[in-house]
Amino acid sequence: MRAALLVLVLLSGLCANATVAAQSRTRAQPVDVILTDFAFTPQRLHLRQGQAYRLRSVNRGSGGHNFSAPSFFAAARIDPADAGAVAGGKIELGGNQSRTLRLVPAAGNYAVTCTHFLHAGFGMVGSITVDRGV
Ligand SMILES: [Cu+2]
């Protein structure tokens, strides 16, 4: 009886996870951020809490850049299938590379920078504002 209950609890947990992943894939709104030498475009992202997004970071710069937003990524619900794209609070991109991350953001104001040497000083800074859902 106890084992059956445990199996049931585990199964329902799996279903809930699968549902969240499926929802974020089907209803996710695409958002593109272009990284260049030395800017984020758009510089200010405006998102809504609870909405699923497909955040695509595209590096059109000549060299490597990153999309570093540790607080934003820590607070967001990231699709487990994409979690490997974020390391140390940032998405690292070589020249002409892009990564897509499915996530549901949490309300707040977050800073975005490129942590490569001197890039923030050259202008690679931005922000993400996530409004509370209705
Ligand atoms: Cu950079």
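Both counts, for ligands and for their atoms, begin at 1 and track the order of listing.
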Please determine if the Cu ion (ligand 1) has an N/O/S atom from His116 lying under 2.8 Å away.
no

What angle, to the nearest 10°, do the atoms ND1 (His119) and SD (Met124) form about the Cu ion (ligand 1)?
110°

How many angstroms lie between CD1 in Ile78 and CZ in Phe73, if you round to the nearest 0.5 Å?
6.0 Å

Decide whether His116 and Glu92 meet the rule of one side-chain donor and one side-chain acceptor closer than 3.5 Å.
yes

Which N, O or S atom name in His65 marks its closest approach to the Cu ion (ligand 1)?
ND1

Does the side chain of Gln49 reach to within under 4.5 Å of the side chain of Asp131, using non-hydrogen atoms?
no

Measure the acute angle between the ring planes of Phe122 and Phe38, then classify it against the limits of 30° and 60° as parallel, tilted or perpendicular.
tilted

